[in-house]
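These notes concern the structure reproduced below.
Computed from a predicted structure; not experimentally measured. Keep in mind that the numbers below use all heavy atoms, side chains included, and drop hydrogens, waters and symmetry copies.
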Amino acid sequence: MISEADILVVGGGLGGVAAALAACRAGRSVVLTEETDWIGGQLTSQAVPPDEHPWVEQFGTTATYRRLREEIRRYYRHWYPLRAEALALTELNPGAGRVSKLCHEPRVALAVLEGMLAPHRAAGRLTVLTEHRPVCAEADNDVVRAVTLQDLRDGTRRTLTARYVLDATETGELLHLAGVEHANGAEARAEFDEPHAPDEAQPDNQQGITVCFALSHHEGEDHTIDRPEDYDFWRGYRPSFWPGPLLGFEAPDPRTLEPVPRTFVPNPELDPLGVSADQSADAGDKELWGFRRILARKLHTPGAFDSDITLVNWPLNDYWLKPYIGQEAEALCEARQLSLSLLYWLQTEAPRPDGGTGFPGLRIRPDVTGTADGLAKAAYVRESRRIKAVTTVTEHDVAIDLVGPYGGTRHRDPVGVGGYRIDLHPSTGGDNYVDIGSVPFEIPLGALVPRRVRNLLPAGKNIGTTHITNGCYRLHPVEWNVGEVAGALAAHCVAENVEPHQVQAEDKRFEEFARLLDRDGVPRHWPDVRGY
């Protein structure tokens with residue numbers, strides 16, 4: 001079966017959804033595909049509450065990302081039994097988690113994202129194909145001609161063609177399938193002279209993945225799962241750069257690498273209204289239950305919920321034994337076993353504050369993740385294949401030690417902004433955390449334009465960053481911004497019969513495109529703020 005559209009977006013994560021919205025808003029026909037049955041990627045199928053910069057409530061995101069955040073809050077205000085003090089909060093944090101000013105359940109984000117797409121689907125501009133995975137791509141003369149996808153439910157295949165193809169997959173899968181030049185893993189120091197790059201290129205040195213899951217706690221009940229098949233291995237696993245067993249409450253501080261104990265107290269009695277989520281002041285990761293809490297029972301009327309719900313995306317279940325890209329099935333299987341082993345350890349062996357061991361009242365929540373076993377539908381993938389782009393963002397553009405707290409590269413072609421520390425988790429090359437200060441940055445259009453291919457654009461974590469700078473470009477609001485710009489650029493190129501390289505290289509054409517971004521609320525510069 002062959003289908004045609006103006007724009008094909010492969011991958012329905014945050015970047016893919018933002019790309020589809022932007023292209024549809026410009027009046028183009030769009031097909032959006034997604035490998036799982038949930039759109040939303042990091043926020044939904046991967047079950048990762050948003051990691052955001054500390055100014056997110058005031059500035060530094062696109063207008064549509066702000067709308068997404070506010071609609072999530074509106075959902076809670078409308079449907080949940082919030083107590084009066086919480087209901088009145090302009091900056092409501094539904095989970096009162098410390099990782100973000102907006103910690104929430106995956107299904108709420110899914111409902112909002114589906115709502116944002118709904119009018120375009122009703123108008124016939126947008127077709128959404130869930131549970132479809134790309135299996136091959138046809139390309140010649142620097143143009144991607146077609147992409148074939150497999151329906152994961154019945155195995156049937158369909159071939160889609162489009163004027164522009166956007167790769168919004170989690171791993172940059174189309175870059176591989178279409179033969180688009182790309183980088184994988186760590187670049188050699190000599191390539192960009194990055195201080196934190198290794199001496200030699202290490203393509204298999206990739207950040208670890210995490211299979212997340214949600215937990216509630218019910219004292220006096222026993223929800224202990226069956227002993228996982230690989231539990232003995234993970235119970236005895238002690239990384240060479242770790243202060244003790246991986247399944248333990250002591251782990252390195254990402255910023256100093258010093259051993260630091262984590263605490264774990266389910267359902268604390270503290271009022272969640274007193275929680276402050278500001279990673280520039282406190283990373284917030286030392287108290288595990290509250291770090292990524294996504295529902296705080298004490299924000300609601302008494303008796304509405306008998307437990308908080310917390311999201312487990314911790315140092316204890318980061319998986320880095322095999323690179324995910326290239327060994328997806330094997331790595332995913334082992335990462336799932338690690339997460340189940342962590343749960344079993346928490347239920348049976350973890351030290352309790354009262355001197356006992358184990359929290360059998362911990363209950364994994366399949367209803368939260370939408371899966372039979374309670375693990376997230378997809379792994380949280382921090383590092384993708386990355387296009388060889390017209391512009392490559394390097395450590396010299398964003399690292400605070402290199403540019404100073406108010407520095408950073410001012411690009412001639414900015415199409416968005418972002419901010420986050422350079423945050424690399426332990427990697428498959430045996431590296432510990434690399435977590436260093438960075439400055440608020442501009443996203444250059446040149447990082448979205450491949451050096452050669454004319455009609456494929458990256459729309460997620462696969463833009464022209466390095467292994468190092470991916471660490472600050474990979475978070476939720478930046479992925480959304482990149483996707484939104486990719487969708488807008490593709491639509492603009494269709495309407496004006498120009499190509500992305502022309503828009504990026506020619507000042508007049510770039511200014512025309514930039515005016516469209518300005519009109520749609522895509523900020524392209526930062527006010528005077530300091531990096532952290």
Side-chain angles (χ1 to χ4, degrees), residues 47 206-219 221-254 257-266 285-289 291-292 310-324 327-366 369 371-376 379-380 382 425-433:
Q206 304 161 16
Q207 284 196 69
I209 64 171
T210 305
V211 174
C212 302
F213 58 95
L215 288 177
S216 54
H217 184 256
H218 310 272
E219 192 65 48
E221 300 178 13
D222 188 347
H223 296 282
T224 305
I225 63 171
D226 293 338
R227 185 185 180 96
E229 182 178 343
D230 293 347
Y231 182 70
D232 288 343
F233 172 80
W234 289 114
R235 182 63 185 87
Y237 178 58
R238 179 169 179 164
S240 60
F241 51 84
W242 219 252
L246 183 63
L247 299 187
F249 287 146
E250 189 172 45
D253 181 290
L257 302 185
E258 293 297 318
V260 176
R262 269 61 173 178
T263 61
F264 182 70
V265 180
D285 60 344
K286 307 305 184 289
E287 195 275 290
L288 293 175
W289 184 266
F291 182 36
R292 296 182 189 272
T310 194
L311 196 284
V312 180
N313 175 15
W314 302 341
L316 288 68
N317 63 325
D318 276 3
Y319 170 86
W320 57 73
L321 295 189
K322 287 186 175 71
Y324 184 66
Q327 300 183 53
E328 288 88 351
E330 299 92 334
L332 180 59
C333 181
E334 293 182 9
R336 288 171 59 86
Q337 277 290 303
L338 169 57
S339 288
L340 290 172
S341 296
L342 169 57
L343 171 58
Y344 186 77
W345 178 81
L346 288 169
Q347 292 172 325
T348 60
E349 296 192 65
R352 298 173 59 104
D354 62 9
T357 56
F359 298 82
L362 291 173
R363 179 159 66 95
I364 195 168
R365 298 293 298 267
T369 56
T371 59
D373 60 9
L375 299 179
Y380 176 31
R382 295 179 174 87
H425 284 232
S427 70
T428 55
D431 296 334
N432 204 336
Y433 291 97

Let me see the working for W289 and T310 under side-chain contact (heavy atoms from CB on, under 4.5 Å), right down to the final yes or no.
CA-CA 6 Å; W289 184 266; T310 194; 3.6 Å; yes

So, do T357 and E349 sit near enough that their side-chain heavy atoms are less than 4.5 Å apart?
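Result no, sub-4.5 Å side-chain heavy-atom pair not found.
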
Should P353 and V265 count as side-chain neighbours, where that means a heavy-atom distance under 4.5 Å?
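P353 vs V265: side chains touch.
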
Give the intermediate values and the outcome of side-chain contact (heavy atoms from CB on, under 4.5 Å) for residues Y433 and L257.
CA-CA 7 Å; Y433 291 97; L257 302 185; 3.9 Å; yes

Check the orientation of Y319 and W234. Use parallel for under 30°, tilted for 30 to 60°, and perpendicular for over 60°.
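The arrangement is perpendicular - the two ring planes meet at more than 60°.
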
Decide side-chain contact (heavy atoms from CB on, under 4.5 Å) for E334 and L321; before the verdict, give the C-alpha distance in whole Å, the side-chain angles of both, and the deciding distance to 0.1 Å.
CA-CA 8 Å; E334 293 182 9; L321 295 189; 4.2 Å; yes

Taking all atoms of both residues into account, what is the closest heavy-atom pair of [X] and [Y], and its distance?
{"X": "F249", "Y": "P351", "answer": "CE1-O, 3.7 Å"}
{"X": "L375", "Y": "T371", "answer": "O-OG1, 2.7 Å"}
{"X": "W314", "Y": "L342", "answer": "CE3-CD2, 4.1 Å"}
{"X": "P426", "Y": "D318", "answer": "CD-OD2, 4.3 Å"}
{"X": "P243", "Y": "P252", "answer": "CD-CD, 3.8 Å"}
{"X": "L362", "Y": "H223", "answer": "O-CB, 3.2 Å"}

Answer yes or no: is there a donor N or O on one side and an acceptor on the other, between the side chain of [X] and the main chain of [Y], under 3.5 Å?
{"X": "R352", "Y": "G358", "result": "yes"}
{"X": "Q347", "Y": "F359", "result": "no"}
{"X": "Q337", "Y": "E229", "result": "yes"}
{"X": "T428", "Y": "Q206", "result": "yes"}
{"X": "R262", "Y": "V260", "result": "yes"}
{"X": "E328", "Y": "E330", "result": "no"}
{"X": "N317", "Y": "V211", "result": "yes"}
{"X": "R382", "Y": "G208", "result": "yes"}
{"X": "R238", "Y": "L246", "result": "no"}
{"X": "S339", "Y": "C212", "result": "no"}

With rounding to the nearest 0.5 Å, note down the distance linking [atom1] in [X] to [atom2] in [Y].
{"X": "T348", "Y": "R227", "atom1": "OG1", "atom2": "CZ", "result": "7.5 Å"}
{"X": "L215", "Y": "H218", "atom1": "CG", "atom2": "NE2", "result": "9.0 Å"}
{"X": "L338", "Y": "C333", "atom1": "CG", "atom2": "SG", "result": "11.5 Å"}
{"X": "Y380", "Y": "I209", "atom1": "OH", "atom2": "CD1", "result": "12.0 Å"}
{"X": "L316", "Y": "L288", "atom1": "CG", "atom2": "CG", "result": "6.5 Å"}
{"X": "S341", "Y": "Y231", "atom1": "OG", "atom2": "OH", "result": "7.5 Å"}

Are the charged groups of K286 and D253 less than 4.0 angstrom apart, N to O?
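Salt bridge between K286 and D253, a charged N being under 4.0 Å from a carboxylate O: yes.
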
For T210 and H425, run side-chain contact (heavy atoms from CB on, under 4.5 Å): C-alpha distance rounded to whole Å, both residues' side-chain angles, the deciding distance at 0.1 Å, then the answer.
CA-CA 10 Å; T210 305; H425 284 232; 5.6 Å; no

Does the ring pair (Phe, Tyr, Trp, His ring centres under 6.0 Å) test come out yes or no for F241 and W320, once each step is laid out?
CA-CA 13 Å; F241 51 84; W320 57 73; 5.6 Å; yes

